[in-house]
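This structure is a prediction, so every number in the text was calculated from the model and none was measured.
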Amino acid sequence: QIDDLAEVDYSFSSSPAVFQPFIDLDLKGVFFPAGNYTDSPYVAASLTIPDQNDPMLYLAFSEYFFQTSSFAYYTAGAFTMTIAEETCSYFNINTEIFGSIIPEVAKYSVTPYPVMLKLMSTEIPIISLQKDSFTVQIQGSVEVLAVLPDSTIQSLFTLNIVANTSISLNIFDQKLMGSLCLNR
């Protein structure tokens with residue numbers, strides 16, 4: 001078990017091969033929601049590691065590894081969160097701010113009310129690997145909710161979002177550094 005939401009099954013995909021200068025251990029790592037081992041909708045492709053003799057250790061992760069982790073966390077509900085009224089009031093986000101952008105909100109809410117934001121992924125995030133980076137495509141929605149004086153919640157609007165980002169990882173000064181680029 002990794003955390004409360006996900007577990008990983010790592011098993012040999014083939015028998016360990018022992019050679020004079022090295023041992024070859026092929027593990028297949030599959031993530032699944034905690035307590036709910038379900039078959040992944042993805043198929044693992046074969047992974048070939050370059051044949052070089054100088055490294056002491058090769059460690060490779062495939063798209064399958066990341067896709068099953070995305071599937072497990074999505075299924076467990078990890079990509080849904082609510083930014084509560086207290087956090088929004090810290091940043092001074094209220095219906096008046098949205099009313100200046102969206103006239104319908106201004107008509108509905110003459111008095112500024114605090115808001116809550118409900119963010120959720122509407123599809124399993126897609127992770128794909130490239131030679132020097134990887135991309136993450138996320139489809140989601142943000143629902144803006146007004147918190148009325150009687151503590152009831154009124155939905156103001158929902159915004160659907162599709163984001164495609166590239167992430168490049170580099171080692172700089174003995175630290176793993178990442179750079180994030182919003183593609184669209």
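In terms of the side-chain hydrogen bond (donor to acceptor under 3.5 Å, both in side chains) criterion, residue partners of S166 (sequence neighbours excluded) are, by chain and number, N183. Partners of I138 under the side-chain contact (heavy atoms from CB on, under 4.5 Å) rule, at least two apart in sequence or in another chain, are S121, P125, V136. Qualifying side-chain hydrogen bond (donor to acceptor under 3.5 Å, both in side chains) partners for Y64, counting only residues two or more places apart in sequence or in other chains: none. Residues passing the side-chain contact (heavy atoms from CB on, under 4.5 Å) test with T152 are L148, D150, sequence neighbours excluded. Among residues two or more places apart in sequence or in another chain, the side-chain contact (heavy atoms from CB on, under 4.5 Å) test is passed with D173 by none. In this structure L180 satisfies the side-chain contact (heavy atoms from CB on, under 4.5 Å) test together with T165, I167, sequence neighbours excluded. Judged as a side-chain hydrogen bond (donor to acceptor under 3.5 Å, both in side chains), and not counting sequence neighbours, the contacts of T135 are S128. Under the side-chain hydrogen bond (donor to acceptor under 3.5 Å, both in side chains) criterion, S155 pairs with E143, not counting sequence neighbours.
Taking both residues in full, the closest heavy atoms of E7 and G35 are given as OE2-N, 2.9 Å, listed atom of the first, atom of the second, then distance. Of all non-hydrogen atoms in Y74 and I124, the two that sit nearest each other are CD2-CG1, 3.4 Å. Here the shortest heavy-atom pairing between D3 and A34 reads O-CB, 4.5 Å.
Although no hydrogens or angles enter the test, the distance criterion places a donor-acceptor pair under 3.5 Å between the side chain of T122 and the main chain of Q139.
Taking the six-membered ring where the residue is Trp, the centroids of F31 and F65 are separated by under 6.0 Å.
The 12-atom threshold is not exceeded at CG of D4, counting heavy atoms of other residues, nucleotides or ligands nearer than 6.0 Å.
Using a 4.5 Å cut-off between side-chain heavy atoms of Ile, Leu, Val, Met, Phe, Trp and Tyr, with links allowed through other members, Y113 and V144 fall into the same hydrophobic cluster.
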Under 3.5 Å, side-chain donor or acceptor atoms of residues 75-83 against the rest of the protein: list the pairs with distances, not counting sequence neighbours.
{"from": "T75", "atom 1": "OG1", "to": "F71", "atom 2": "O", "distance (Å)": "2.7"}

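Counting only residues at least two apart or in different chains, ring pair (Phe, Tyr, Trp, His ring centres under 6.0 Å) contacts with residues 115-166 comprise F98-F157.
Atoms CD and OG, from E123 and S70 in turn, are 11.0 Å apart once rounded to the nearest 0.5 Å.
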